[in-house]
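Keep in mind that this is a model prediction, so the values were computed, not measured. Values below: all heavy atoms of this structure, side chains included; hydrogens, waters and symmetry mates excluded. We count residues from 1, following the sequence as given.
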Amino acid sequence: MARSRLIAAMCGFKAWLQLADALGVQNVAGAPFENPDECNKAGEWCTLTLDVAEYNGPSAQFLTRGYNGQMPGPTIRISPGSPLNVAIVNGLEEDDTGLSPNSTNFHAHGLHVDPGGDDVFLHIGPGSEHKFEYQVYADHMSGSFYYHPHLHLTSSLQAGGGATGMIIIDDQPGEVPEWLMNMDEKIVIVQHLDLATLAGLQTQYNGNLWEVTGSDPEAELLLVNGQTEPVMAVEAGKWTRWRLLFSSLESYGTFELDDASCEMQLVAKDGAYLPEAPRAVTSLPIAPGMRCDIAVRCDGTVETVNFVAVTQTLGPPSLNIQPNTFKAISLEVVPSSNDPEPDLPIFKVNRPCYMASSLDMELDEEEGDALSHVTMTIAQGAFHMNGVLYSADNIFEDVQAGGLIEMEVEGLAEHPYHQHINHFQLYSTAEDPSGFFKQGDWHDTYYRADEDNTVVRFFTDRFTGLQVLHCHFFPHQDGGMMALMDISGEEGSVYDAAEQYDPTCYRDDNGLSGGGGVFFFFFS
């Protein structure tokens, strides 16, 4: 019976395609779950063409901007120490409003790379193209990352409108337990689309993008890999690894399984393994741009379990904005003749030295360490970071490469904080009942509705140049809630004392490709 149900789940896709064709739609609710396309193998060029993408779904139809005609774009996979080569082709047409809504660029969100290569100030106009060549060092932590356009004033329409995709830096042998490397993997890109808001943003420009039609043109949509409420067949008792990314214009999401017969174990967040993993969680509170890797197992006592999302758009109390609840994925739990896989043991990975734990470190300002402060606020309708609107010369602080920075971040209850190039560690944070957030965790994007300020620490490791900091609600970023930190000094500088606090941390010259090896160990 189990085998027949698995075959039915696989063969059902053809029937769904036939039904979709008969109805004249491309996206039918309840189709079998599919991973996104993959773009390339390590070291090869991935060409992403930003062009008009058509969405034709159950309740709405519209034209948006997408990569290679899709929402989301294809997944890019590389290994630590291999190059990331991306060719961006702008296939959009000129817009004569003078506001450049169809110019673009590219951001490798979460990667620890040279900010000069991840150039978010570059303009790629309609009909133009640009090749991005990233050097990903051998000591880069493996994990789930993210790409999207990042041209100031256009991020809302482009990234918020669906032009996103995932970058995966694959685990290497010996880096994580073998059972994790061999676990069946699902890529889950969740895109929340506020159709009325996106259509309103488009009205200041020309063209027919975001002219929404259908039975519910002002709806909010939740798509998983471009699908509506897909059905994922899972074998009872078997663990599956989900690489989850949430993308939204200006809403945060809380994700849960609606029955306790399925469980979630948190393994990594924002492309960084937990200090000790896995961690049992019952909900995933994530803001736009955040990722998490979870292991999911269902015991089979319930045949259908839903992965549910509750999204909330923030606004003044007078607007009385209500949350929306979506069935993101339906899990069809298929009985198995195999014994259930065992509970996951606790493990700890050795970390690159740019992610050595800073919790016990002492700051030394004479050695380039620094205290910093960032505040995100809305004042009289203007979006400020540290009290000012973004401009190209808004450099709020100069710091030295190779230092340890302790930063207080304020405004988190209304604004997800994101910084480029260097991940940050939660140094002082409120206890989280859900277990998702914990002191010592690493992030590149952070938001908590129940915490307005926190203290983080990060290393200005290896790279000099401008590090971008901003709110990751795209309209807030476009509106001016963005600033620059200038990292100066000698290129290649590192925090020399990292090994004193974490003797197991590794650098590029003793990482996996250098033969030094990275190992894991278990806790009882």
| query | Can you list the steps and then say if Arg65 with Asp51 is a salt bridge (charged side-chain N to carboxylate O under 4.0 Å, His left out)? | reply | CA-CA 6 Å; Arg65 299 164 178 84; Asp51 210 337; over 6 Å; no
| said: What verdict does the side chain to side chain donor-acceptor pair (under 3.5 Å) test give for His107 and Asp118, after you've listed the backbone C-alpha separation in whole Å, the side-chain angles of each residue and the deciding distance to 0.1 Å? | reply: CA-CA 6 Å; His107 172 45; Asp118 189 47; 2.7 Å; yes
| query | More than 12 non-hydrogen atoms from neighbouring residues, nucleotides or ligands closer than 6.0 Å to CD on Gln204, yes or no? | reply |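 Buried by this count: over 12 neighbours within 6.0 Å.
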Any chance the rings of [X] and [Y] have centres within less than 6.0 Å?
X	Y	result
Trp242	Phe307	yes
His418	His470	yes
Phe246	Phe255	yes
Tyr67	Tyr147	yes
Phe474	His148	yes
His472	His415	no
Phe145	His109	no
Phe458	Tyr354	no
Phe437	Tyr446	yes

Between [X] and [Y], is there a donor-acceptor pair closer than 3.5 Å when you use the side chain of the first and the backbone of the second?
X	Y	result
Arg77	Thr75	no
Asn422	His112	no
Asn386	Thr375	yes
Gln425	Gly440	yes
Asn27	Asn56	no
Gln61	Gly57	yes
Asp95	Pro101	no
Asp270	Thr445	yes
Asn90	Ser128	no
His423	Met355	no

Rounded to the nearest 0.5 Å, what separates atom [atom1] in [X] from atom [atom2] in [Y]?
X	Y	atom1	atom2	answer
Thr240	Leu331	OG1	CG	8.5 Å
Ile167	Ile78	CD1	CD1	7.0 Å
Thr311	Asn324	OG1	CG	4.5 Å
Leu48	Phe132	CG	CZ	10.5 Å
Gln191	Tyr55	CD	OH	10.5 Å
Asn35	Arg243	CG	CZ	11.0 Å

For residues [X] and [Y], report the shortest heavy-atom separation together with the two atoms involved.
X	Y	result
Pro126	Asn102	CG-O, 3.7 Å
Pro36	Asn225	CD-ND2, 3.5 Å
Ile378	His476	CD1-CE1, 4.2 Å
Pro72	Gly226	CD-N, 3.6 Å
Val267	Ala277	O-CB, 3.6 Å
Thr64	Gly161	OG1-O, 2.8 Å

[X] and [Y]: side chain donor to acceptor below 3.5 Å:
X	Y	answer
Glu408	Asn453	yes
Ser372	Glu406	no
Gln158	Thr104	yes

Using a strict 4.0 Å threshold on nitrogen-to-oxygen distance, state whether [X] and [Y] make a salt bridge.
X	Y	result
Asp432	Lys438	no
Lys269	Asp441	yes
Arg448	Glu414	no

| request: Dump the intermediate steps for side chain to side chain donor-acceptor pair (under 3.5 Å) on Ser155 and Gln477, then the final yes or no. | output: CA-CA 8 Å; Ser155 292; Gln477 172 195 324; 3.1 Å; yes
| request: Check each of Met232, Gln227, Lys186 against Glu34 using the side chain to side chain contact (heavy atoms under 4.5 Å, CB included) test, and report the only one that passes. | output: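 With Glu34 as partner, side chain to side chain contact (heavy atoms under 4.5 Å, CB included) holds for just one option, Gln227.
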| request: Check each of Val305, Val333, Asp184, Val296 against Val234 using the side chain to side chain contact (heavy atoms under 4.5 Å, CB included) test, and report the only one that passes. | output: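 Among Val305, Val333, Asp184, Val296, the one meeting side chain to side chain contact (heavy atoms under 4.5 Å, CB included) with Val234 is Val333.
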Any heavy-atom pair between the side chains of [Y] and [X] that's under 4.5 Å?
X	Y	result
Leu484	Phe121	yes
Ile76	Leu84	yes
Asp194	Ser251	no
Met376	His384	no
Val28	Thr228	no
Met385	Met482	no
Leu274	Leu266	yes
Glu397	Val399	yes

| said: Run Val468 and Val120 through side-chain contact (heavy atoms from CB on, under 4.5 Å) and show every step you take. | reply: CA-CA 9 Å; Val468 181; Val120 297; 3.9 Å; yes
| What class does the angle between the rings of Tyr447 and Tyr252 fall in, given that below 30° is parallel, 30 to 60° is tilted and above 60° is perpendicular? |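 Tyr447 and Tyr252: tilted rings.
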| Would you call the rings of Phe424 and Tyr417 parallel, tilted or perpendicular if under 30° counts as parallel and over 60° as perpendicular? |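 Answer is tilted, since the angle falls between 30° and 60°.
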| said: Checking Asp293 against Ser144 for the side chain to side chain donor-acceptor pair (under 3.5 Å) test, could you report, in this order, the C-alpha distance in whole Å, the side-chain angles of both residues, the deciding distance, and whether it holds? | reply: CA-CA 8 Å; Asp293 288 33; Ser144 304; 2.9 Å; yes
| message | Checking Asn306 against Ser330 for the side chain to side chain donor-acceptor pair (under 3.5 Å) test, could you report, in this order, the C-alpha distance in whole Å, the side-chain angles of both residues, the deciding distance, and whether it holds? | response | CA-CA 5 Å; Asn306 295 315; Ser330 285; 2.9 Å; yes
